[in-house]
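Below, all heavy atoms of this structure are taken into account, side chains as well, without hydrogens, waters or symmetry copies. Numbers restart at 1 for each chain; the letters A, B, ... are given by sequence-line order, proteins then strands.
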Amino acid sequence: MNLITLLKQTTSASLDSLYQVKIQPELVLVNATKPEFEGDYTIVLFAFVKQLGKNPEVVGNELGNAMQKALPTIITEFNIVKGFLNFTISNDYWFEFIKNLSPNELMPAVEHKRKIMVEYSSPNTNKPLHLGHLRNNFLGWSIAEILKLQGHEVVKTCIVNDRGIHICKSMIAWQLFANGATPESTSKKGDHFVGDYYVKYNDAYKAEVAELVAGGMMQEMAEKEAPILKGAQEMLLKWEQGDAATLDLWKKMNSWVYEGFEVTYKKIGSDFFKTYYESNTYLLGKELVEEGLTKKVFYQKEDSSVWIDLTPDGLDEKIVRRKDGTSVYMTQDIGLAQLKQKEFNTDASIYVVGDEQNYHFKVLKLICQKLEQPAADGIYHLSYGMVELPTGKMKSREGTVVDADDLVDEMINISKEKTEALGKVSDFTNEQLIALYNTIGLGALKFFLLRVDPKKKMIFNPEESIDFHGFTGPFIQYTHARIKSILRKTGTTVTLTTNELLPLEKQLAIELSTFPAMVNEAAENLDPSKIAIYAFNLAKLFNTFYAEHSISNAESEIKKQLRIQLGILTAATLQKAMGALGIAVPEQM
RNA sequence: GGUUCGGUAGCUCAGCUGGAUAGAGCGUCAUCCUUCUAAGAUGAGGGCCAUUGGUUCGAAUCCAAUCCGAAUCACCA
C-alpha cells in the first residue's frame with residue numbers, strides 16, 4: 001500500500017481508538033515535511049484539535065505515540081511543532097522499497113479496467129496543421145498513453161472535417177488561380193499546396209469586397225455578394241447534390257491534403273485506430289431527432305425546425321434540426337457519439353477539442369444524457385486553451401500561423417546544431433544521429449506544449465526559440481542518458497544489502513514512490529502537465545544527487561550497489577513518465 | 001448583457017480539496033569540469049499572489065463585490 005494512504009488510515013484508526021472520534025482517512029492531511037523541519041511526513045493537527053477540544057501539543061503526543069505503536073517498523077520518531085506532527089520514516093522502510101521496486105513494474109494496474117476512446121487532432125482538409133493542432137495532437141496522444149499506463153484499453157480516433165464551405169473556398173480558388181497546378185508540378189507538400197489556395201481565396205474575397213464597396217455598395221452587403229463567395233456557396237450546394245465534377249475536384253484536393261498530413265503525423269508520431277470523415281457522418285443523428293421528439297426531449301416549432309430547451313439546466317435553447325430537415329453540427333455529433341458507441345462499446349469517451357467549444361460539449365453531453373444514450377455519462381471534454389502569438393490569435397486565412405511542419409523541422413535542426421556543438425556522440429552512425437535529432441527536437445517541442453495546464457491558453461513567441469535547458473524535454477532526456485552512461489560502466493546486476501540511507505538517497509526513494517500517484521492524478525484531471533512537472537523534479541533531484549555522490553566511486557561496495565539500483569529505478573521512471581508524454585528518451589546524447 | 005475560464009517574480013509557468021518563511025525554469029550576477037556525460041550542479045538577487053471586504057486559530061487557495069483579459073451565448077463546423 002502507498003505510504004501516505006497507510007498514514008491516513010492509521011491516523012484515522014488511532015484517533016478513533018484514542019478519542020472515539022470518527023474521521024475519514026481521506027480527510028487527514030498528510031504532507032511532505034518541509035525541509036527546515038525534522039521528519040519526512042507531516043500530519044496537520046488543527047483539523048481535529050478543535051473537534052477534540054484539546055491543545056495540539058497533547059493531541060500530537062498521544063497520536064504520535066499511538067501511530068508509532070501501530071507502525072513500529074515504519075515510524076521511528078515524531079516531533080510536534082505548533083500544530084504539525086512530523087514523522088520520521090525508518091530507513092528500513094525506504095530500503096525495502098528501493099529493493100523491491102522493479103523497473104518493469106513501476107505502475108500497478110487499475111482495479112477496474114475500462115475501454116476509453118480518445119478523439120483528437122480533428123484537422124480540416126483545407127489547410128496544413130499548425131501549432132494549435134500540435135498542442136491538440138500531443139495532448140491526445142499523451143492522455144492515451146497515460147490511460148494505457150494505468151492499465152486501461154484505449155481506442156484513438158480522429159474525425160476529419162473534410163467537407164463544408166471552407167473546403168469549397170480552397171477548391172474554388174484552385175479552379176480560378178491554379179491553372180492546373182498540382183503539388184507534384186510545384187513540388188509542394190499537398191496540405192501546404194491546398195492551404196495556399198485557402199489564403200488566395202481570402203485575398204481575392206477581400207479584394208472583391210473592397211471593389212464592391214468602392215462601387216457604392218454597403219460593406220455588409222458586399223461581404224455577402226462577393227462573387228467568389230457566391231461561387232463557393234454554389235459549389236457546396238453542388239457537392240451536396242452529388243455533382244460528379246465537384247466531387248472529383250473535392251476528392252483530388254483532399255487526397256493531396258491527406259498525403260501531406262500523413263507525412264506530418266508520421267514525423268510527430270501520431271496515429272489513430274479509426275478515422276471518421278465528416279463527409280460520411282454529417283447526416284447522422286436523424287433517427288435520434290425522431291427519437292428525441294417521441295421521448296419529448298425535443299420539440300418542434302411552427303416552422304418545423306426541432307429544438308431542445310435547456311433553460312432549466314441554465315443553458316439556452318438549441319436547434320437540432322433545421323426547418324429544411326438537415327442536421328446541424330450538434331446533431332451530427334450526437335449521431336457520431338452513438339455510432340462510436342455502437343462500434344466500440346466504450347466506457348468513456350474523451351474529446352480533445354479547444355476551449356472555444358466548451359459550450360458545445362456541455363450541451364452535447366446533456367442532450368446525450370437526456371436521450372439516455374448508453375455512454376452519455378462517460379463523455380469528457382479535454383478542453384485546452386488556444387496557442388496564441390504575442391501579436392494575438394493565429395489565423396490560417398491570413399497566413400499568420402506557426403506552421404507545424406516548419407516548427408518541427410526547426411526544432412530538429414536546433415537539436416542537431418546543439419548536439420554537434422557538444423560533440424558527445426561521435427560514435428553514432430548517420431541513421432542514429434538523425435534519430436537522435438528527432439528525439440531531442442520533438443522532445444523539446446512536445447514537452448514545451450505539455451508542461452503547462454492544458455486548459456490555460458498559452459503564448460508562443462516565434463522570435464524566442466524553445467529552450468533546451470531547465471524545465472524542458474532535453475533536460476530530462478539528458479538526465480536519462482547520463483544515468484544510462486553510468487550504468488553502461490557499472491553494469492546493472494545488483495545485490496542489495498541493508499543500508500543506511502543518506503538524505504539525498506532517501507529523497508530519491510520518496511520521489512520515486514510517488515510516481516503512480518502522479519500518473520493517477522494526471523489521468524483523473526486529464527492533465528499531462530502533472531507528469532511533466534514530476535519528471536522534471538525527479539530529474540533535477542537526481543542531478544543534485546549525482547553532483548553530490550559518486551555511483552561508480554561510491555564510499556563502499558554496499559553504497560555502490562544501492563546507488564546503481566537508484567540509477568536503474570530513476571532511469572526507468574523517467575522513461576515511463578516521458579513515454580506518458582509521448583516523448584522518447586535516448587540512451588546517449 | 002448572461003454563462004464559463006483566467007490575472008502569482010522582468011518573462012514563461014507551478015502551487016488553488018485552506019496549513020509552517022509563496023516555488024521552478026528562463027534571463028541577470030557569482031562560483032564548480034586532472035574524478036561516473038557541464039544539455040549539469042551550487043549560491044545571490046528578484047513578489048502589496050489584480051483590488052477591496054468577509055469567513056477562519058490560519059487565506060495565493062474558500063465566499064462576495066469591483067477592475068482587467070479571453071472564450072462562448074449561430075438554422076458555421
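Of the candidates A/Phe536, A/Phe471, A/Phe468, A/Phe138, A/Phe471 is the only one forming a ring pair (Phe, Tyr, Trp, His ring centres under 6.0 Å) with A/Phe447.
B/rU51 and B/rU8 have their P atoms separated by 10 Å, given to the nearest Å. Rounded to the nearest Å, the gap between the P atom of B/rA64 and that of B/rU4 is 10 Å. Nucleotides B/rC5 and B/rG45 are separated by 34 Å at their C1' atoms, to the nearest Å. Taking atom P on both B/rG10 and B/rG47, the two are 7 Å apart, rounded to the nearest angstrom. Taking atom P on both nucleotides, B/rG69 is separated from B/rU17 by 28 Å, rounded to a whole Å. When the C1' atom is compared between B/rA38 and B/rC33, the two are found 7 Å apart, to the nearest whole Å. Of the P atoms belonging to B/rG2 and B/rU21, the separation is 40 Å, rounded to the nearest Å. Look at the P atom in both B/rA20 and B/rG6: the space between them is 22 Å, to the nearest Å.
A/Asn358 comes within 4.0 angstrom of nothing in the nucleic acid, heavy atoms only. Using a 4.0 Å heavy-atom cutoff across all strands shown, A/Glu417 reaches no nucleic acid atom at all. A/Phe536 comes within 4.0 angstrom of sugar-phosphate atoms only, judged by non-hydrogen atoms across all strands, and of no base. The residue A/Lys301 sits apart from the nucleic acid: no heavy atom pair falls under 4.0 Å. Residue A/Thr419 is in base contact, counting any heavy-atom pair closer than 4.0 Å across all strands shown. When heavy atoms are screened at a 4.0 angstrom cut-off, A/Phe475 is found touching the sugar-phosphate backbone but no base atom. Heavy atoms of A/Lys540 sit under 4.0 angstrom from primed sugar atoms or phosphate atoms, though from no base atom. Residue contacts shown for A/Gln357 include a base, since a base heavy atom lies under 4.0 Å away. Among the protein residues, A/Tyr478 comes within range of the nucleic acid bases, having at least one heavy atom under 4.0 Å from a base atom. In this structure, A/Ile533 reaches the sugar-phosphate backbone alone: every heavy-atom distance under 4.0 Å involves primed, P, OP1 or OP2 atoms, never a base. A/Arg451 comes within 4.0 angstrom of the backbone, heavy atoms only, and of no base. Residue A/Gln588 is in base contact, counting any heavy-atom pair closer than 4.0 Å across all strands shown. Across all strands, A/Thr490 comes closer than 4.0 Å to no nucleic acid atom at all (heavy-atom distances). Across all strands, A/His549 comes closer than 4.0 Å to base atoms (heavy-atom distances).
Remark: the A/Asp303 side chain and the B/rC75 base include a donor-acceptor N/O pair separated by less than 3.5 Å. In the interface, the side chain of A/Asn86 is paired with the base of B/rA20 through a donor and an acceptor atom under 3.5 Å apart. Evaluation of atom-type donor-acceptor distances gives no pair under 3.5 Å for the side chain of A/Ser529 against the base of B/rA14.
Counting only heavy atoms from C-beta on, A/Val81 has its side chain closest to B/rA20 among B/rU37, B/rG40, B/rA20. Residue A/Lys456 places its side chain closer to B/rA14 than to any other of B/rU37, B/rA41, B/rA14. Nearest to the side-chain atoms of A/Lys34 among the listed nucleotides B/rA14, B/rA20, B/rC75 stands B/rA20. With B/rA77, B/rC26, B/rA38 as the choices, the nucleotide that has an atom nearest any side-chain atom of A/Arg482 turns out to be B/rA38. Side-chain proximity of A/Asp316 to the nucleotides B/rA14, B/rC73, B/rG69 is greatest for B/rC73. The side chain of A/Val328 lies closest to B/rA77, out of B/rA14, B/rA77, B/rU21. The side chain of A/Arg322 lies closest to B/rC75, out of B/rC75, B/rG25, B/rG7. Distances were taken from every side-chain heavy atom of A/Lys489 (C-beta onward) to each of B/rC5, B/rC36, B/rC26; the shortest belongs to B/rC36. For A/Asn553, taking side-chain heavy atoms from C-beta onward, the closest of the listed nucleotides B/rA70, B/rC26, B/rU35 is B/rU35.
Taking a centre distance below 5.5 Å and an interplanar angle below 30 degrees as the stacking criterion, A/Tyr359 does not stack against the six-membered base ring of B/rU4. Judged by centroid separation below 5.5 Å and plane tilt below 30°, A/Phe84 stacks onto the base of B/rA20. Judged by centroid separation below 5.5 Å and plane tilt below 30°, A/Phe37 stacks onto the base of B/rA20. Centre separation under 5.5 Å together with a plane angle under 30° holds for the ring of A/Phe46 and the six-membered base ring of B/rG19, marking them as stacked.
A/Phe447 places its CZ atom 12 Å from the C1' atom of B/rA14, with the value rounded to the nearest Å. What separates CE of A/Met458 from P of B/rC26 is a distance of 17 Å, to the nearest Å. The distance between atom CD of A/Glu464 and atom C1' of B/rG25, rounded to the nearest whole Å, is 13 Å. Taking atom CG of A/Asp162 as the reference point, atom P of B/rC76 lies 18 Å away to the nearest angstrom. With rounding to whole Å, A/Trp307 atom CH2 is found 7 Å from B/rC75 atom C1'.
With A/Asn79 contributing its side chain and A/Glu38 its backbone, the two residues share a donor-acceptor pair below 3.5 Å. Judged purely by atom type and a 3.5 angstrom limit, A/Gln477 uses its side chain to pair as donor or acceptor with the backbone of A/Ala584. Under the 3.5 Å distance criterion, the side-chain polar atoms of A/Thr33 are matched with a main-chain donor or acceptor of A/Tyr41.
Mapping A/Ile486 and A/Thr544 onto RNA chain B by nearest heavy atom places A/Ile486 at the nucleotide closer to the 5' end. Closest-nucleotide positions on RNA chain B for A/Ser415 and A/Lys323 were compared, and the one nearer the 5' end corresponds to A/Ser415.
Glycosidic torsion of B/rC32 falls outside 90° of 0, placing the base in anti.
Here A/Arg321 pairs with A/Glu290 in a salt bridge; the nearest charged N to carboxylate O distance falls below 4.0 Å.
Between A/Ser485 and the phosphate of B/rU37, there is a side-chain N or O to OP1/OP2 separation shorter than 4.0 Å. Checking the phosphate oxygens (OP1, OP2) of B/rG15, a side-chain nitrogen or oxygen of A/Lys530 falls inside 4.0 Å. Taking only side-chain nitrogens and oxygens, A/His469 comes nearer than 4.0 Å to OP1 or OP2 of B/rG40.
Looking at A/Leu581 and A/Lys446, their side chains never come closer than 4.5 Å, going by heavy atoms from C-beta outward. Two residues are said to be in side-chain contact when any heavy atoms from C-beta on lie closer than 4.5 Å; A/Lys169 and A/Asn126 fail this criterion. Using a 4.5 Å heavy-atom threshold, the side chains of A/Phe475 and A/Lys540 count as touching. Between A/Asn413 and A/Tyr437, the closest side-chain pair of non-hydrogen atoms is not below 4.5 Å.
With hydrogens and angles left out, the side-chain atoms of A/Tyr478 and A/Asn543 include no donor and acceptor closer than 3.5 Å. Side-chain contact of A/Ser279 with A/Asp162: a donor-acceptor pair under 3.5 Å is present, judged by distance alone.
Classified by interplanar angle (parallel below 30°, tilted 30° to 60°, perpendicular above 60°), the ring pair A/His133/A/His130 is tilted.
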Here RNA chain B, pairs taken as Watson-Crick or G-U under 3.5 Å and shown with ( ), [ ] when crossing and | when to another strand, reads ((((((((.[[[[.)...(...]]]].(((((.......))))).....[[[[[..)....]]]]])))))))....

